[in-house]
There are 2 protein chains.
Amino acid sequence: MSDERRKFTRESAEQRKLALIEATLELVAEKGVRGATVRGIADRAQVTQGLIRHYFSSKEDLITAAFEHHMMQMTGLTFAPVAKVKGSAREQLRVFVQSSLMPPVVDPRSIALWAGFLNKVQHDAQMKDVHAKTYVHFRDQLEGLIRAALEEADMPTEPGQLYRLSTACNGLIDGLWMEGGALPEAFAPGELSQIGLYSVGAIIGLSLVD
Amino acid sequence: MSDERRKFTRESAEQRKLALIEATLELVAEKGVRGATVRGIADRAQVTQGLIRHYFSSKEDLITAAFEHHMMQMTGLTFAPVAKVKGSAREQLRVFVQSSLMPPVVDPRSIALWAGFLNKVQHDAQMKDVHAKTYVHFRDQLEGLIRAALEEADMPTEPGQLYRLSTACNGLIDGLWMEGGALPEAFAPGELSQIGLYSVGAIIGLSLVD
DNA sequence: GACCTAATTATACACTTGCGCAATTGGCTC
DNA sequence: GAGCCAATTGCGCAAGTGTATAATTAGGTC
C-alpha cells in the first residue's frame, strides 16, 4: 500500500475541472456515457464523488463539457500540422490529408469517443450543434484547400463540382479514419496516408504524390 | 384503456426470440447497450422481464444475438441488389456502390446501432470476430467486383494496387455511409450515390457514370 | 494565531439495474 | 376432459445509479 496521495488537497478550479473532464473522456471511451458513472469518474480523477457536483451542476453538464473539450482537441490536432506549412496550396492539401490519416488523429480512443457520444449528440441539441459545427468546419477547410490547389494548377472548378469533390474527399478521409481506428492492426503505419493521398488525388484530378 | 393485449399468450420460440431481438435493437439504437435494460426490452416486446432469461441465458447473450442478427441483416441488404444484376462487371459494381449509399443501407438507425455496439465489439471477443468477418466480407466482395470490372475493361491490375484501390473505395463508401446516416438532412436523395459513383470511378480509373 | 470561506469529504436517499426463483397459466397428449 | 410440462408471470434481492446535503478540512486574511 504505497498510495502516497493525501486525502485532502486543494487544487485550482481549472486544474480540477480538467482532471474531471479527462477522467470522463477515459471512461466514456472505455464504457460509453452510461458506463462513465460519477463514482468511476471521481475515482479516476482521484477525488470523491461529491466534488463533481461542486464543479459541474450535474453529470449531464460534465458530459457536455467533456464532449466540447474533446471536439476542440480533435480540431486542434487536425489543423495544427497544416497551419505550419507555408508551401504551395497543393503541399498544404497534401499535409492536411496525410496528417488526418495518421496518429494522433487516427486513434482507437477517438473512434470509441465518437461512438460513445453519438447517442447524446443525436438527442441533445447543444451537443448536436457542436458536432455539426465541427463537421462543417472540417469540410469547409478541406474545400478551401482543394479549391486553392486546383486554381494553383490552372484547373478552375465550378462551385457545384467543387462541393461534390469536397464531400467525396471528406467521406473518404472520414471512412479511412474510422477504419484505421476501428481495426488498428489491419493497416501498416503510413498505409492509410498513402492510400488517402492517392485517392484524393484521383478524385480531384490532381496528383498529391511525387 | 383500450389495451387489448392478453396477459398470457404462448408463442413459438423463434417468434419470441425474434421479437426480443428486434426490441433490443430498437433500444440499443435509441440509448446504447447500457440503456437497453431488460425491463425496457421486455416492455417493447410485450412480455415481462422474467421471460428474457427463459430464452437467453443473460442480457449479454441477448445483446450478442441481437448484434449478430443485425449484422446478417445488413449484409443481406447490402448484397441483395447486386445479386439480382446479371449485366457486365462494371454494371454490377455500379449497382453495388449505388445501393450501398442509399436507403435502407444508409439509415440513421444503422449508425446508431454501429455506435451503440462498438464498445462491446472492442471488448467482447465473439462480437469482435463477427464484426471483423463482416468487414472483411464486404471488402473482399468489393475487391472482386473491382477486379472483374477492370479486367473486363482490359485494365489488369497487380494485387498490391488492387488491394489499395479496394481499401480506398471501401473507406469512401463507409465514410459516405456514415455521413449520410449521421447527418441525414445534409444530403438530397441520390446525392450520396452520385458522389460515390463518380469517386469510385475516379479512384479505379474506370468511370461508372454514363 | 484565530477566523472565515470555499474546497473536499462522507453519508444518506430514492431509484434503477441484472438476476434468481417460486408461482401461475395455457396448450398438448392420452 | 384430466393431467402434465413448458411458457410466462410476479416478486424480491443485492448491487449500483445520480443527486442532495451536512460535516470536515485547508489555506489565505487580518
Side-chain angles (χ1 to χ4, degrees), chain A residues 3-24 26-28 30-67 116-117 119-120 123-124 127, chain B residues 3-24 26-28 30-67 116-117 119-120 123-124 127:
Chain A
D3 186 2
E4 298 294 336
R5 179 170 76 92
R6 272 157 296 175
K7 298 174 74 176
F8 199 117
T9 21
R10 300 196 168 202
E11 302 286 348
S12 77
E14 287 314 307
Q15 217 167 330
R16 272 276 135 89
K17 281 196 172 191
L18 190 61
L20 287 170
I21 283 175
E22 281 172 349
T24 303
E26 281 181 33
L27 284 173
V28 170
E30 288 174 22
K31 315 182 191 180
V33 167
R34 284 179 207 247
T37 67
V38 291
R39 284 167 180 80
I41 293 168
D43 278 359
R44 201 65 73 102
Q46 304 262 57
V47 295
T48 51
Q49 55 152 324
L51 193 60
I52 288 182
R53 295 205 11 104
H54 187 259
Y55 287 110
F56 299 94
S57 65
S58 65
K59 182 194 169 180
E60 190 88 4
D61 187 22
L62 170 56
I63 295 290
T64 303
F67 177 67
F117 280 124
N119 266 285
K120 286 257 152 199
H123 293 81
D124 180 298
M127 289 181 69
Chain B
D3 186 0
E4 297 295 336
R5 179 171 76 91
R6 274 158 294 175
K7 297 174 76 177
F8 199 116
T9 20
R10 300 194 168 204
E11 302 288 346
S12 77
E14 287 314 306
Q15 217 168 330
R16 274 276 136 90
K17 280 196 172 191
L18 190 61
L20 288 170
I21 283 175
E22 280 172 350
T24 302
E26 281 182 32
L27 284 172
V28 170
E30 288 174 21
K31 315 181 189 178
V33 167
R34 286 182 203 246
T37 68
V38 291
R39 283 169 181 81
I41 293 167
D43 278 359
R44 202 66 72 100
Q46 304 261 58
V47 294
T48 51
Q49 55 152 325
L51 192 60
I52 289 182
R53 294 207 9 105
H54 187 259
Y55 287 108
F56 299 93
S57 66
S58 65
K59 181 190 169 182
E60 191 87 2
D61 188 22
L62 171 57
I63 295 290
T64 303
F67 177 66
F117 279 125
N119 266 281
K120 287 256 151 200
H123 293 81
D124 180 297
M127 290 180 68

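Chain letters run A, B, ... following the sequence lines, proteins first, then strands; residues in each count from 1. Note that these values count all heavy atoms, side chains included, but never hydrogens, waters or copies made by symmetry. Predicted model only: the values in this text are computed from it and were never measured.
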> B:Glu60 has an atom CD; how far is it from atom P of C:dT17, in whole Å?
Replying inline: 17 Å
>> On the nucleotide C:dA7, are OP1 or OP2 found under 4.0 Å from the side-chain N or O atoms that A:His54 carries?
In response: yes
> To the nearest Å, how far apart are A:Lys59 NZ and C:dC15 C1'?
Replying inline: 15 Å
>> Starting the side chain at C-beta, find the nucleotide from C:dC19, D:dT9, D:dG18 nearest to B:Leu51.
In response: D:dT9
Pairwise N/O distances under 3.5 Å, protein to nucleotides 21-23 of chain D:
none

> D:dG18 C1' sits how many Å from A:Leu62 CG, rounded?
Replying inline: 12 Å
> D:dT9 P sits how many Å from B:Asp43 CG, rounded?
Replying inline: 11 Å
>> As an exercise, state the distance from OG of B:Ser57 to CD1 of B:Ile52, rounded to the nearest 0.5 Å.
In response: 12.0 Å
>> Judged by each residue's nearest nucleotide on DNA chain D, which is more toward the 5′ side, B:Tyr55 or A:Ser57?
In response: B:Tyr55
>> Could you tell me how far apart A:Phe56 (CZ) and D:dG18 (P) are, to the nearest whole angstrom?
In response: 15 Å
>> List the residues meeting salt bridge (Lys or Arg N to Asp or Glu O under 4.0 Å) with A:Arg44, not counting sequence neighbours, and say none if there are none.
In response: A:Glu26, A:Glu30
>> Taking B:Asn119's backbone N and O only, do any of them form a donor-acceptor pair with B:His123's side chain (distance below 3.5 Å, no angle check)?
In response: yes
> Is there a side chain to side chain contact (heavy atoms under 4.5 Å, CB included) between B:Met127 and B:Thr64 once you walk through the steps?
Replying inline: CA-CA 7 Å; B:Met127 290 180 68; B:Thr64 303; 4.2 Å; yes
> Has the side chain of A:Lys31 got a donor or acceptor atom that lies under 3.5 Å from a matching backbone atom of A:Thr37?
Replying inline: no
> Which nucleotide, C:dA7, D:dG18, D:dG10, lies nearest any side-chain atom of B:Thr48?
Replying inline: D:dG10
> Rounding to a whole Å, what distance do you find between B:Asp61:CG and C:dG18:P?
Replying inline: 14 Å
> Nearest heavy-atom pair of B:Phe56 and B:Asp61: which atoms, and what distance?
Replying inline: CA-OD2, 3.7 Å
> Between atom CD of A:Glu22 and atom CG of A:Leu20, what is the distance when rounded to the nearest 0.5 Å?
Replying inline: 10.0 Å
> Between the side-chain atoms of A:Arg39 and the base atoms of D:dG18, is any donor-acceptor pair under 3.5 Å?
Replying inline: yes
>> Any side-chain N or O of A:Arg16 below 4.0 angstrom from OP1/OP2 of C:dT8?
In response: yes
> From the list D:dT19, C:dG18, D:dT8, which nucleotide is the closest neighbour of the side chain of A:Val38?
Replying inline: D:dT19
> Given atom CD of B:Gln46 and atom C1' of D:dT9, what is their separation to the nearest angstrom?
Replying inline: 15 Å
> Whole-Å distance between D:dC11 C1' and B:Gln49 CD?
Replying inline: 9 Å
